[in-house]
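Taking it in order: structure first as structure tokens, then the write-up.
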Amino acid sequence: MKSAVETLNPTRVRLTVEVPFEELKDSLDAAYKKINQQVTVKGFRKGKIPARVIDQRFGRGAVLEEAVNDALPKFYTDAVNEGELNVLGQPEVDITELKDGELLAFTAEVDIRPVIEIPDYSGIEVTVDSIEVSDEDVDKSLEQLRDRFASTNPVERAAAEGDVVTIDLEAKVDGEVLPDGVATGVQYTIGSGELLDGIDEAVTGLEAGGEATFSSELKGGAAEGKTAEVTVKVSQVAARELPELDDEFAQMASEFDTLDELKADSRKRLESSKQYDQATQAQERVLDELLKLAEVPIPEKLLAEEINTRKHNLEHHQLGQMGLDLAKYLEIQGKTEEEFDAETKEQAEKGIKTQFILDELVNKEKLNVNQEELTEHLMRRAQSSGMSPDQFAQAVVEGGQVPMLVGEVARGKALAVVVEAAKVIDTNGEIVDLDDEDDDEAAETAGAADATEAADSTEAAADTEAEEKTEDKAEEKADKNEA
């Protein structure tokens, strides 16, 4: 076999392959055997029809077509390996010559990973938010904890903001009660905004037994989008009572004996959270600067597939779970379809560039992923998917997606290398040290998360079927688990 590679552009090549006919012998034998099992010729036992009879009855062309279809993948793969190409997606194959007994020639155009020159990233400098936890932040945290331990007690007075009212609802459209427009015994906190628009104003000032009617646009149900006349009747008004902030509360709400200890712990937790946010912000901004420095050409076909994959995942997975379609989503977001398409394209481009350059960094820095790192990453992915680690791991293995997870971890490590080399300054002008053990762990974890976020579905665009298989298996197992 002879092959030659022609570079069409930085991300696409054309392979020209010539195969001597004798190299088709195994495929020809297989073709005759396959046809033998499919046809019947009078005077011959099934599977024992001579090749010359098959040629006479069914045509030599049918045999050649079957043989070529069988042999092409192997010859294509051999040509790719010979050319040391890193191909993306499926090739466009064109048989240019087929001479029976002499020669098979074909061309194959395919996208390839571009050759990327890693820029000098040691001069990258970014600014991040400083880690400052104020007394107000601690007080807010304690108020949230206090709110979780609030109790409610019925009161004999008019309902006010913050009260919990027990209500019955009846919604009518054009004078008729909707099939799904009646609800009884609903508990609602006035001012929470968790029910219909206009209900806060309607129930405020009502006592138990009071009733009011208001108009509201329905956000769901059979009459979604229509304006309904809603009657609300209050059966009980209850006041929320917050516990006192004292040592007794600290003992009830935590493992601490005093309020001062609880406050100190809250401050420590807030500092850790801000520290993690700072590390995440650092790697996000360093990544943006790295992408600005690097010249990364993008295969057009891969970009189109990546855009389609992102749209498919949004419409059929994320929005579907929320009961929304794309039109309703865009309405809620206040975006036009053109704006959505432009944003999706921009995100897809960033995802592809991120994966290409971080993968190149992995190779350049010779970064490896050990079993412990892979297991930790798998645990995080399982948690975000709502599955147990064992279920998620099995779905990944069955879907053939272990290399994808390894790639995610490796890209996170590559990004952490760049962040370590960059100069990170906070808004107070202080240099941020991300070399501490806790900071380093946060930065690497955040790096893996952001690299995954930006580049996760790029491999799916190159091999969508394999990734969808993993998703389907994961969903199937989740469904079975729920059942």
Side-chain angles (χ1 to χ4, degrees), residues 1-38 51-52 54-56 58-117 295-306 308-309 352 355-356 359-360 363 400-401 403-404 407 458-469:
M1 188 193 79
K2 296 179 181 179
S3 65
V5 179
E6 176 187 358
T7 301
L8 303 177
N9 60 51
T11 62
R12 195 165 179 83
V13 297
R14 179 189 292 122
L15 288 165
T16 301
V17 184
E18 292 184 357
V19 183
F21 204 81
E22 55 265 24
E23 294 190 29
L24 283 171
K25 182 181 182 305
D26 289 344
S27 294
L28 279 169
D29 291 343
Y32 278 116
K33 184 176 181 180
K34 181 177 181 180
I35 294 173
N36 241 309
Q37 299 300 322
Q38 295 174 340
R52 58 179 177 78
I54 290 176
D55 290 346
Q56 291 169 357
F58 306 101
R60 173 73 166 175
V63 180
L64 288 175
E65 181 179 357
E66 180 69 33
V68 170
N69 289 338
D70 175 72
L72 270 179
K74 176 185 180 302
F75 294 138
Y76 166 73
T77 301
D78 289 346
V80 166
N81 292 337
E82 186 176 304
E84 298 181 343
L85 302 175
N86 195 342
V87 299
L88 298 168
Q90 299 301 313
E92 295 177 5
V93 178
D94 181 28
I95 297 174
T96 56
E97 192 173 1
L98 179 56
K99 291 183 179 180
D100 194 356
E102 297 183 28
L103 180 73
L104 164 66
F106 67 92
T107 62
E109 287 191 17
V110 67
D111 287 333
I112 60 170
R113 279 184 176 248
V115 176
I116 300 172
E117 184 176 343
E295 196 70 36
V296 185
I298 300 177
E300 292 182 9
K301 185 178 179 182
L302 180 62
L303 177 60
E305 290 173 344
E306 171 68 0
N308 289 335
T309 297
I352 294 172
Q355 179 166 334
F356 282 173
D359 283 348
E360 188 65 32
N363 294 330
Q401 296 304 298
M404 184 188 73
T458 304
E459 290 183 4
D463 191 5
T464 305
E465 183 179 352
E467 182 131 0
E468 285 185 346
K469 187 184 297 182

- Query: For Ala67 and Ser27, which heavy atoms make the closest approach, and how far apart are they?
  - Reply: O-CB, 3.4 Å

- Does atom CD of Glu97 have more than 12 heavy-atom neighbours from other groups under 6.0 Å away? yes

- Message: Show the nearest heavy-atom pair for residues Pro299 and Phe356, with the distance to one decimal.
- Response: CD-CE1, 3.9 Å

- Task: State which residue, out of Val296, Asn363, Asp359, fulfils the side chain to side chain contact (heavy atoms under 4.5 Å, CB included) condition with Ile116.
- Result: Val296

Could you list the donor-acceptor pairs under 3.5 angstrom formed between side-chain atoms of residues 17-26 and any protein atom two or more places apart in sequence or on another chain?
unit_1 : atom_1 : unit_2 : atom_2 : d
Glu23  : OE2    : Met1   : N      : 2.9
Lys25  : NZ     : Asp29  : OD2    : 2.9

- Supply the atom-to-atom distance Thr107 OG1 to Tyr76 OH, rounded to the nearest 0.5 angstrom. 11.5 Å

- If a pair satisfies salt bridge (charged side-chain N to carboxylate O under 4.0 Å, His left out) and one of its residues is in residues 77-88, list it, with sequence neighbours excluded. Lys74-Asp78

- Rounded to the nearest 0.5 Å, the CG atom of Asp100 sits from the CG atom of Leu28 at a distance of 8.0 Å

- Query: Can you name the residues that form a salt bridge (charged side-chain N to carboxylate O under 4.0 Å, His left out) with Glu295, not counting sequence neighbours?
  - Reply: none

- Sole candidate of Leu15, Asp111, Val80 that passes side chain to side chain contact (heavy atoms under 4.5 Å, CB included) when paired with Val87: Val80

- Item | Side-chain heavy atoms of Val110 within contact of Leu88, under 4.5 Å | no

- Message: Contact between Val93 and Phe75 at the side-chain level, heavy atoms closer than 4.5 Å - yes or no?
- Response: no

- Message: Working to the nearest 0.5 angstrom, can you tell me the gap between Gln355 CD and Glu306 CD?
- Response: 8.5 Å

- Message: Please determine whether side-chain contact (heavy atoms from CB on, under 4.5 Å) holds for the pair Ile95 and Leu72, giving the CA-CA distance in whole Å, both sets of side-chain angles, and the decisive distance to 0.1 Å.
- Response: CA-CA 10 Å; Ile95 297 174; Leu72 270 179; 4.2 Å; yes

- Glu6, CD: over 12 other non-hydrogen atoms inside 6.0 angstrom: yes

- Contacts of Asp94 meeting salt bridge (charged side-chain N to carboxylate O under 4.0 Å, His left out) (sequence neighbours excluded), chain-then-number -> none

- Query: Under the side chain to side chain contact (heavy atoms under 4.5 Å, CB included) test, which residues partner Asn9, sequence neighbours left out?
  - Reply: Thr11, Arg12

- Kindly compute the distance separating CG (Leu64) from CG (Leu104), expressed to the nearest 0.5 Å. 9.5 Å

- Message: According to salt bridge (charged side-chain N to carboxylate O under 4.0 Å, His left out), who are the partners of Glu66, at least two apart in sequence or on a separate chain?
- Response: Lys34

